[in-house]
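Heads up: the structure comes next, in structure tokens.
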Amino acid sequence: MMANLRLLLLDEPCAGLDPVARENFLRFLERLAGTSASPTLVLVTHHIDEIVPSLSHALVLKSGRILASGPKEQVLTSAVLSAAFDAKVTVVQSDSRYSMSLNSRT
């Protein structure tokens with residue numbers, strides 16, 4: 001990084017990346033966040049598996065309005081994301097990363 005940034009806004013930075021490039025980029029973000037000179041990071045994504053452990057808060061929008069915001073452990077839940085996507089989903093946290101799956105219809 002060439003400038004001494006105070007804020008870094010990332011809007012869907014992993015779009016179009018292959019899986020290996022995506023994971024390498026996310027590892028870079030995690031390393032960057034762990035430095036004393038790290039800027040405040042704002043990550044916009046539709047994919048909760050791209051939320052690296054060092055990101056502490058989440059904001060979920062639905063129809064342009066805030067549905068939930070706060071510490072990611074309180075926001076990235078099955079209930080909140082089911083409401084956001086109008087579909088029954090299950091959110092799982094494993095190894096400090098999140099994943100979401102669509103529940104099958106019964």
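The chain is numbered in sequence order, starting from 1. Keep in mind that this is a model prediction, so the values were computed, not measured.
The hydrophobic cluster containing Val42, built from Ile/Leu/Val/Met/Phe/Trp/Tyr side-chain heavy atoms closer than 4.5 Å, also comprises Leu7, Leu9. When hydrophobic side chains of Ile, Leu, Val, Met, Phe, Trp and Tyr are connected at separations under 4.5 Å, Ile66 ends up clustered with Leu59, Leu61.
Between Phe28 and Glu23 the shortest side-chain heavy-atom distance does not fall below 4.5 Å. Residues Asn24 and Leu17 have side chains not in contact (no heavy-atom distance under 4.5 Å, counting atoms from C-beta outward). Two residues are said to be in side-chain contact when any heavy atoms from C-beta on lie closer than 4.5 Å; Pro71 and Glu73 meet this criterion. You'll find the side chain of Leu43 reaches within 4.5 Å of the side chain of Pro13, heavy atoms only.
Under the salt bridge (charged side-chain N to carboxylate O under 4.0 Å, His left out) criterion, Lys62 pairs with Asp86, sequence neighbours left out. For Asp49, the side chain to side chain donor-acceptor pair (under 3.5 Å) partners are Arg22, not counting sequence neighbours. Every side-chain contact (heavy atoms from CB on, under 4.5 Å) that Val44 has, sequence neighbours left out, goes to Asp11. Under the rule for a side chain to side chain donor-acceptor pair (under 3.5 Å), the partners of Ser54 that lie at least two apart in sequence or sit in another chain are Glu30.
Between Leu41 and Ala33, the shortest heavy-atom contact is CD1-CB, 3.9 Å. Residues Leu5 and Pro39 share a closest heavy-atom pair of O-CB, 3.4 Å. In this structure, Pro53 and Lys72 approach most closely via the heavy-atom pair O-NZ, 2.8 Å. The minimum heavy-atom distance linking Val60 with Val75 is given by the pair CG2-CG1, 3.5 Å. Taking every heavy atom of both residues into account, Val91 and Leu76 meet most closely at CG1-O, 3.4 Å. Minimum heavy-atom separation, Leu102 to Ala87: CD1-CB, 3.7 Å.
A distance-only check finds a donor-acceptor pair linking the side chain of Glu12 to the backbone of His46 [under 3.5 Å]. Proximity of a side-chain donor or acceptor of Lys88 to a complementary backbone N or O of Ala79 within less than 3.5 Å is not detected. At distances below 3.5 Å, at least one donor-acceptor pair connects side-chain atoms of Ser82 with backbone N or O atoms of Ser78.
Atoms CG and CG, from Leu8 and Leu32 in turn, are 7.0 Å apart once rounded to the nearest 0.5 Å. Here the CD-OG1 distance, from Gln93 to Thr77, works out to 12.0 Å after rounding to the nearest 0.5 Å. The CZ atom of Arg27 sits 8.5 Å away from the CZ atom of Arg31 when rounded to the nearest 0.5 Å. Rounded to the nearest 0.5 Å, atoms CG (Leu26) and OG1 (Thr45) are 8.5 Å apart.
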Practice task
Under the side-chain contact (heavy atoms from CB on, under 4.5 Å) rule, what do Tyr98 and Glu50 come out as? Steps first, then yes or no, please.
Solution key: CA-CA 8 Å; Tyr98 289 84; Glu50 295 175 357; over 6 Å; no
Practice task
Under the side-chain contact (heavy atoms from CB on, under 4.5 Å) rule, what do Arg97 and Ile51 come out as? Steps first, then yes or no, please.
Solution key: CA-CA 7 Å; Arg97 294 277 294 271; Ile51 299 172; over 6 Å; no
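Residues Phe85 and Leu67 share a single hydrophobic cluster, defined by chaining ILVMFWY side chains whose heavy atoms lie under 4.5 Å apart.
Checked against Ser99 for a side chain to side chain contact (heavy atoms under 4.5 Å, CB included), the options Ile48, Thr90, Val92 give a single hit: Val92.
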